[in-house]
Amino acid sequence: MASTFSSSSSTSLSPTFSINNNNNNYKLLGSCPSQLSFFRSSTNRFPLNVKLSVSTRSRINASITTNTKTIRNAAVEPTTSSTKPRILVSEKLGEAGLNLLRTFGEVDCSYDLSPDQLCSKISQCDALIVRSGTKVTRDVFESSKGRLKVVGRAGVGIDNVDLQAATEFGCLVVNAPTANTIAAAEHGIALLTSMARNVAQADASIKSGKWQRNKYVGVSLVGKTLAVMGFGKVGSEVARRAKGLGMTVIAHDPYAPADRARAAGVDLVSFDQAITTANFISLHMPLTPTTSKIFNDATFSKMKPGVRIINVARGGVIDEDALVRALDNGVVAQAALDVFTKEPPPSDSRLVQHEKVTVTPHLGASTKEAQEGVAVEIAEAVVGALSGELSATAVNAPMVPAEVLSELAPYVLLAEKLGRLGVQLVAGGSGINSVKVVYRSARDPDDLDTRLLRAMITKGIIEPISSSFVNLVNADFTAKQRGLRISEERVVVDSSPAHPIESIQVQLSNVNSRFASGLSEDGNISIEGKVKYGIPHLTQVGSFSVDVSLEGNVILCRQVDQPGMIGKVGNILAERNVNVSFMSVGRTVKRTEAIMAIGVDEKPDKDALKDIGEVPAIEEFVFLEL
Ligand SMILES: NC(=O)c1ccc[n+]([C@@H]2O[C@H](COP(=O)([O-])OP(=O)(O)OC[C@H]3O[C@@H](n4cnc5c(N)ncnc54)[C@H](O)[C@@H]3O)[C@@H](O)[C@H]2O)c1
Ligand SMILES: O=C(O)[C@H](O)COP(=O)(O)O
């Protein structure tokens, strides 16, 4: 009997199985063995190259070459076709970055696209590179029709990219988080000092023919307290420079380590402490739902009268109308702003026109040095991602360190295969909603990053029964969306910690099985596997121990434990020219019943499967495609 699967319209996964052999559907859904290539070194017990991959529907997974520097990651299908990938650059990017992109793909620099123009171009593009001026909305991902694999943000803030939509569409988002840090910090200091000395206002005044020395008397910085709100990359650089100006620096950042601040001579304080004690407040936090309009009427009213505010982070962290009121009533003496809620701001904006306000048009990252740096940083990230490599600056996928990825490579294969096997054991009509994964390992639980494995188990379970493709970017989302809860348990075992994992067990709860022997004593479908000599093996089915390499396809039979069974099934397969790659028999009690696990290179035809089912001592059997 062969299996076909169909996806369920309910929120949980409901595989259905047909009993005929005409399962083109199943093949279409991506279980073909050619998805997997696995090369074994003759001199090494572990694989030198693992290439997991690439059906038409499921974009990558992992491609790892442990004896070279290439470490690829489970996020983006490497571009394999002879046509070069197409990269749309929608905002001005430094020449060095463009040159790097041109060596890899076809680069289309189309600036100032309207949202409609962007949506119509995007279905022709594999990657999109933006700065802060392009809104990468859900419409963009929808319009890409699955072709867009990477969005590269040439800069830090990704608030102009709909990350949720990117994740749902399995599109990796990478940014360039470091190259403009110093430029932004320098601009913050430029705004701080020029605001304190009215440089911009005095410049405008003198150019209009006036000489107003008394009007533009400033304030000194030395000895004043600066509150840095957000002690990240930019904030800490601003703090360092402000200390050099003789200021006392405090900072508020709920997530920054206190010892890092202390080492910089900065006290981390609460939000209220920061805003009530500071003479100057400099904003360096990201725009998030929590920080949106965090500076509002209520918070301005708590500030020290005469406070001065600098914002080179994001306009949206300030309620701009409230700031105008605070400037008008004198609580805020001055503001210097590089960023605005809406960019560019309306020309009649009261805030921009306010005489106590100094403004620049989002220039924080705009130095020649920063723009060249950002361009190269994002070009490298995008090219790497399009090549399927690990993304060190992935924003919507876990960053798995290269050494962890390399070590987990064979377990990644095992994880997907166990997921794929497990779901094929589920009887039609059962909704899968609860999966438990048990990792046995000699490693300390904190020393085992299983996100990649969990993603691959999810992929193995979901892909055969749905039209979704699952990768590291969208695995958790896809599981949640389908009502599939995956819990993980680590069991510390007494073996060599040199191997990250002893075994992986996948349990599917509250489902019926089409192979009763796949159920463990507690009624869950339970399968377990190990990596042996670099190759994934199935080692446990229900309560039966087996040992079959997970290459090709597998037939599982439960039969009366009596002589001649291997021969009978072997003959049926041999008559149809089906090559047996591996065979293992496991039993619980001698001469009662046993499980036979047979690895086969080819898929047996309908008649062969029927003949196996008719062998009198065979009580049940199932053919599983890997
Ligand atoms: N004007 C520009 O051209 C320009 C240039 C670079 C960066 N930026 C912006 O500056 C900001 C900081 O960039 P970065 O590179 O330092 O980022 P970062 O991630 O290194 O630092 C941000 C810090 O803010 C902290 N934070 C998060 N929520 C907070 C909260 N509620 N209160 C206080 N702190 C909070 C984080 O813990 C983190 O330490 C971002 O918004 C970025 O987009 C603007
Ligand atoms: O978040 C950033 O990196 C800065 O705001 C820079 O934005 P830009 O690339 O549009 O100058």
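Because only heavy atoms are used, hydrogens play no part in the values below, and waters and symmetry mates are left out as well, while side chains stay in. Each ligand, and each atom within it, is numbered from 1 in the order the structure gives.
A donor-acceptor contact closer than 3.5 angstrom is absent between the side chains of Asn311 and His284. Under 3.5 Å, the side chains of Ser270 and His252 contain no donor-acceptor pair of N or O atoms. Thr134 and Ser90 share a side-chain donor-acceptor pair at under 3.5 Å.
A donor-acceptor pair under 3.5 Å links the side-chain atoms of Glu91 to the main chain of Arg131, judged by distance alone. Remark: side-chain polar atoms of Asp319 are not paired, donor with acceptor, to backbone N or O of Asn296 under 3.5 angstrom. Side-chain N or O atoms of Thr450 include none that pairs as donor or acceptor with a backbone N or O of Leu453 at under 3.5 Å.
Taking 4.0 Å as the cut-off between side-chain N and carboxylate O, Asp126 and Lys149 count as a salt-bridged pair. Classification of Glu320 and Lys293 as a salt-bridged pair fails, no side-chain N sitting under 4.0 Å from a carboxylate O. Ion pair Glu377/Arg153 not flagged as a salt bridge, since none of the NZ, NE, NH1 or NH2 atoms sits closer than 4.0 Å to an Asp/Glu carboxylate oxygen. Between Arg443 and Asp449 no salt bridge is recorded (no basic side-chain N to carboxylate O distance below 4.0 Å).
Between Met229 and ligand 1, no pair of N/O atoms sits closer than 3.5 Å. For the pair Val339 and ligand 1, the shortest N or O to N or O distance does not fall below 3.5 Å. Residue Val234 has at least one nitrogen or oxygen atom sitting less than 3.5 Å from a nitrogen or oxygen atom of ligand 1, judged on distance alone. Looking at Asp253 next to ligand 1, an N or O pair under 3.5 Å apart turns up. For Thr290, no nitrogen or oxygen atom sits less than 3.5 Å from a nitrogen or oxygen atom of ligand 1, counting backbone and side chain alike. For ligand 1, one of its N or O atoms has an N or O atom of Ala365 under 3.5 Å away. Residue Lys233 has at least one N or O atom closer than 3.5 Å to an N or O atom of ligand 1.
The protein atom (non-hydrogen) at minimum distance from atom 34 (N) of ligand 1 is Gly230 CA, 3.4 Å. Nearest protein heavy-atom contact of atom 5 (O) of ligand 2 is His362 NE2, 2.6 Å. Looking from atom 3 (O) of ligand 2 to the surrounding protein, the closest heavy atom is Val156 N, 2.6 Å. Here the heavy atom of the protein found nearest to atom 4 (C) of ligand 1 is Val312 O, 3.5 Å. In this structure, atom 2 (C) of ligand 2 lies nearest to the protein heavy atom Arg153 NH2, 3.1 Å. Annotation: atom 28 (N) of ligand 1 to nearest protein heavy atom, Tyr255 CE1, 3.4 Å. The shortest contact between atom 21 (O) of ligand 1 and any protein heavy atom is with Gly232 CA, 3.3 Å. From the protein, the heavy atom lying nearest to atom 12 (C) of ligand 1 is His284 O, 3.3 Å. Nearest to atom 11 (O) of ligand 2 among the protein's heavy atoms is Arg131 NH2, 2.7 Å. Ranking protein heavy atoms by distance to atom 10 (O) of ligand 2, first place goes to Ser132 OG, 2.4 Å. Summary of contacts: the protein heavy atom closest to atom 33 (C) of ligand 1 is Pro254 CD, 3.4 Å. If you check which protein heavy atom lies closest to atom 7 (C) of ligand 1, you get Val156 CG2, 4.0 Å. In terms of protein heavy-atom proximity, atom 40 (C) of ligand 1 is closest to Met285 O, 4.0 Å.
Only the side chain of Asn180 comes within 4.0 Å of ligand 2, judged by heavy-atom distances. Residue contacts with ligand 2, taken as heavy atom pairs separated by less than 4.0 Å, involve Ala154 solely via the backbone atoms N, CA, C and O. Residue contacts with ligand 1 for Phe231 involve N, CA, C or O but no side-chain atom from C-beta outward (heavy atoms, distance under 4.0 Å).
By heavy-atom distance, the residue among Pro286, Gly316, Ala313 lying nearest atom 24 (O) of ligand 1 is Pro286. Nearest to atom 5 (C) of ligand 1 by heavy-atom distance, out of Ser132, Gly155, Ala184, is Ala184.
Ring centers of Phe295 and Phe271: under 6.0 Å apart, within the cut-off.
Numbered from 1 in the order shown, with element, the atoms of ligand 1 that lie under 4.0 Å from a heavy atom of Gly157 read 43 (O). Less than 4.0 angstrom separates some heavy atom of Ala365 from each of these atoms of ligand 2: 6 (C), 11 (O). Within the listing of ligand 2, atoms 1 (O), 2 (C), 3 (O) sit less than 4.0 angstrom from a heavy atom of Gly157. Close contacts between ligand 2 and Arg314 involve ligand atoms 1 (O), 2 (C), 4 (C), 5 (O) [criterion: under 4.0 Å to a heavy atom]. Ligand 1 places these atoms under 4.0 Å from at least one heavy atom of His252: 32 (N), 33 (C), 34 (N). For ligand 2, the atoms lying closer than 4.0 Å to a non-hydrogen atom of Gly155 are 3 (O).
To the nearest 0.5 Å, the span separating CD on Glu168 from CZ on Phe477 amounts to 3.0 Å. Between the CD1 atom in Ile275 and the NZ atom in Lys302 there is a gap of 5.5 Å [rounded to 0.5 Å]. Atom CG of Asp108 is separated from atom CD of Gln124 by 10.0 Å, given to the nearest 0.5 angstrom.
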Open item on the list: Does Arg241 form a salt bridge (charged side-chain N to carboxylate O under 4.0 Å, His left out) with Glu237? I'd like the steps, not just the answer.
Closed with: CA-CA 6 Å; Arg241 284 159 177 74; Glu237 289 297 335; 2.7 Å; yes

- [ ] Run the numbers on Arg102 and Glu95 for salt bridge (charged side-chain N to carboxylate O under 4.0 Å, His left out), then give the verdict.
- [x] CA-CA 10 Å; Arg102 287 184 189 115; Glu95 207 49 40; 3.3 Å; yes

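Taking the side chain as every heavy atom from C-beta outward, His187 and Asp338 approach each other to under 4.5 Å. Residues Met229 and Thr291 fail the side-chain proximity criterion, which asks for heavy atoms closer than 4.5 Å.
Ligand 1 lies within reach of Thr291, whose nearest heavy atom is under 4.0 Å from it.
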